[in-house]
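First the structure, in the form of C-alpha cells, and then the observations on it.
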Protein chains: 2
Amino acid sequence: MKYTKKDRQQLLLETLEKNPFITDEKLASTFNVSVQTIRLDRMELSIPELRERIKSVAAHNFVEEVKSLPLNEIIGEIIDIDLDKQAISILDITQDHVFARNGIARGHHLFAQANSLAVAVINDELALTRKSTITFVKPVKAGDRIIAKAVVLSRDTEKNSTLIEVTSKVENDTVFIGQFSMYRVTKS
Amino acid sequence: MKYTKKDRQQLLLETLEKNPFITDEKLASTFNVSVQTIRLDRMELSIPELRERIKSVAAHNFVEEVKSLPLNEIIGEIIDIDLDKQAISILDITQDHVFARNGIARGHHLFAQANSLAVAVINDELALTRKSTITFVKPVKAGDRIIAKAVVLSRDTEKNSTLIEVTSKVENDTVFIGQFSMYRVTKS
DNA sequence: CACCATTTTAGCACTTGGTACTAATATCAG
DNA sequence: CTGATATTAGTACCAAGTGCTAAAATGGTG
C-alpha cells in the first residue's frame with residue numbers, strides 16, 4: 001500500500017531523523033516508490049544527500065568531542081575568581097540535565113558545578129574533595145541559570161585542609177548549599 | 001621540501017587523527033606528493049578512505065549520542081537492585097573522568113554514581129536528593145572499577161523521606177561513603 | 001467522459017572521491 | 001651500473017548522488 005505524498009514525506013523525515021545512514025535506494029524500496037520520487041521528496045523537504053547527512057553528524061559530534069574535553073575539567077563557566085578567597089560560576093540547565101519524568105535537574109549536576117568551583121578556587125597544584133555536606137534547597141528546572149558562589153571559610157595549614165562553602169542561586173533564590181572540605185598539597 | 005616515506009606516513013596518521021575530513025587530493029598537495037602516493041600510504045597504514053572515515057566518526061558519535069541519553073539518567077551500570085532495600089552499580093573510570101594533572105578521578109563522578117544509585121533504589125515516581133554528606137575516603141584512578149552499594153537505612157513515611165547510605169569500593173577498598181536523604185512522593 | 005494539474009517514473013550525462021590494477025619513471029644504496 | 005624501493009601516471013570501474021528532460025500515471029473537477 002502506498003502512502004500519500006504528504007504522509008510519505010512526513011515518514012521520510014522521521015525515518016531519517018532516527019537513522020540518517022540510509023541511501024535513497026533503500027528508502028525507495030521501503031516506501032515502495034522509485035528512487036526519483038525519494039529524490040524529489042528530499043528536494044522539497046531540503047534534506048541533503050546521504051553523504052552530506054553523515055558528514056554533518058560526524059562534524060557535529062566532532063565539535064562536541066572537542067568541546068567536551070575542556071568542559072570535563074570544569075562544570076559551569078567561571079566568571080569571576082579571587083584565588084583562595086571566592087569564585088563565581090554559571091551553569092545553564094538544559095533538557096539534558098533534567099529527569100525526563102519531572103523536568104527537575106539531577107542533583108549531581110549541581111554538585112558537579114559546586115565541586116568544580118571549590119576545586120578551582122583553591123590556588124594549588126592538587127586539590128581534592130575530602131568531605132562535603134550538601135543541601136538541595138529547591139528544585140532546578142530546564143532553562144534555569146544557576147549562579148554558584150564559592151567562599152573560602154577557613155584554612156588549616158597543618159591539616160592541608162580548606163573549608164569552602166558554595167551557595168547556588170537561580171534568580172536570587174538559593175537552590176543549593178554545599179560545604180566542602182578540600183585537601184591540598186600546599187607548596188606556598 | 002619532501003619528507004621521507006616514513007616521516008610522511010607518520011605525519012599522515014597524525015594529520016588524519018586531528019582531522020579525518022580531508023580528501024586524498026588535499027593530502028597530496030599538502031605533502032607535495034601525488035595522489036597515488038597518498039593512496040599507497042593509506043593502504044600500507046590501512047587507513048580507510050575519506051567517506052569511510054567520516055562514516056565511522058558519525059556512527060561512533062551516533063551511538064554515543066543514543067547511549068548518552070539513558071546514561072544521563074543513571075551514571076554507572078546497575079547490576080543488582082532490590083527496590084527500597086539495596087542496589088549495586090558499577091562504574092569504570094577512564095581518562096575522561098580524571099584530572100589531567102594528577103590522574104585522580106573528579107569527585108563529582110563518584111557523587112553522580114552514588115546519587116544515581118540512591119535515586120534508582122527508591123521505588124517511586126519522584127525521588128529527589130534533599131541532603132547528603134559525602135566522604136571521599138581514597139583517591140580513585142583511571143582504570144579503576146568502582147562498585148557502589150546503596151542500602152536503604154530508614155524510611156520516614158510522614159516526612160516522605162528516605163535515608164540511604166552508599167558505599168563505593170575499588171577492589172574491596174572503600175573509596176567513597178555518602179549518606180543521602182531523599183525526598184519522595186509516595187503513592188503506595 | 002474529457003481535460004488539466006499534480007505526482008510519479010525513467011533515462012542520460014556528469015560529479016566526487018574513491019578502488020583495483022598495470023605500467024612507466026625516479027631515486028638511492030651498494 | 002644495477003637492482004630494489006618509491007613515486008607517478010593512466011585506465012576502467014563503483015557508489016551515491018545532482019541536474020535535467022521527458023514520458024506516463026493518477027486525481028479531481030466541470
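Being a predicted model, the structure only gives us computed values, none of them experimental. All chains are named by letter (A, B, ...) in the order of the sequence lines, taking the proteins before the strands, and each is independently numbered beginning at 1.
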Cut-off 3.5 Å, side chains only: do B:S116 and A:R106 have a donor facing an acceptor?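 Note: B:S116 and A:R106 side chains meet the donor-acceptor criterion.
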Taking atom types as modelled, find out whether B:S161 and B:D156 have a side-chain donor-acceptor pair closer than 3.5 angstrom.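 Checked: B:S161/B:D156 side chains show no N/O donor-acceptor pair below 3.5 Å.
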For residues 36-43 of chain A, which side-chain N or O atoms pair as donor and acceptor with protein atoms under 3.5 Å away, sequence neighbours left out?
| unit_1 | atom_1 | unit_2 | atom_2 | d |
| --- | --- | --- | --- | --- |
| A:T37 | OG1 | A:S34 | OG | 3.1 |
| A:R39 | NE | A:D24 | OD2 | 2.8 |
| A:D41 | OD1 | A:R8 | NH2 | 3.0 |
| A:D41 | OD1 | A:Q9 | NE2 | 2.8 |
| A:D41 | OD2 | A:R8 | NE | 2.6 |
| A:D41 | OD2 | A:R8 | NH2 | 3.1 |
| A:R42 | NE | A:D24 | OD1 | 3.0 |
| A:R42 | NE | A:D24 | OD2 | 3.4 |
| A:R42 | NH1 | A:I47 | O | 3.2 |
| A:R42 | NH2 | A:D24 | OD2 | 2.7 |

Not counting sequence neighbours, which residues clear side-chain contact (heavy atoms from CB on, under 4.5 Å) with B:D80? List them please.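 By the side-chain contact (heavy atoms from CB on, under 4.5 Å) rule, B:D80 matches B:Q86, B:I88.
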Checking B:T174 now: which residues fulfil side-chain contact (heavy atoms from CB on, under 4.5 Å) with it, not counting sequence neighbours?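 For B:T174, the residues satisfying side-chain contact (heavy atoms from CB on, under 4.5 Å) (neighbours in sequence not counted) are B:V137, B:T167, B:K169, B:I177.
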Which residue pairs pass the side chain to side chain donor-acceptor pair (under 3.5 Å) test with at least one member in residues 137-148 of chain A, sequence neighbours excluded?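 Applying side chain to side chain donor-acceptor pair (under 3.5 Å) to every pair that reaches into residues 137-148 of chain A, excluding sequence neighbours, yields A:D92-A:R145, A:K138-A:D173.
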Relative to each other, are the rings of B:H109 and B:H97 parallel, tilted or perpendicular (30° and 60° limits)?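 B:H109 and B:H97: perpendicular rings.
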Return the CD to OG1 distance between A:E165 and A:T133, rounded to the nearest 0.5 Å.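 Taking CD in A:E165 and OG1 in A:T133, the distance rounds to 10.0 Å.
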With a non-hydrogen cut-off below 4.0 angstrom, is B:V33 in contact with a base, only sugar-phosphate, or nothing?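 If one applies the 4.0 Å heavy-atom cut-off, B:V33 turns out to touch the sugar-phosphate alone, with no base involved.
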Under 4.0 Å from a heavy atom of chain B: give me the 5'-most and 3'-most nucleotides of DNA chain D that qualify.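 Using the under 4.0 Å cut-off, the span is D:dA6 to D:dG10.
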For nucleotides 10-26 of chain C, just jot down a letter per nucleotide in 5' to 3' order: B, S or -, based on protein non-hydrogen atoms under 4.0 Å. BB----BBBB-------
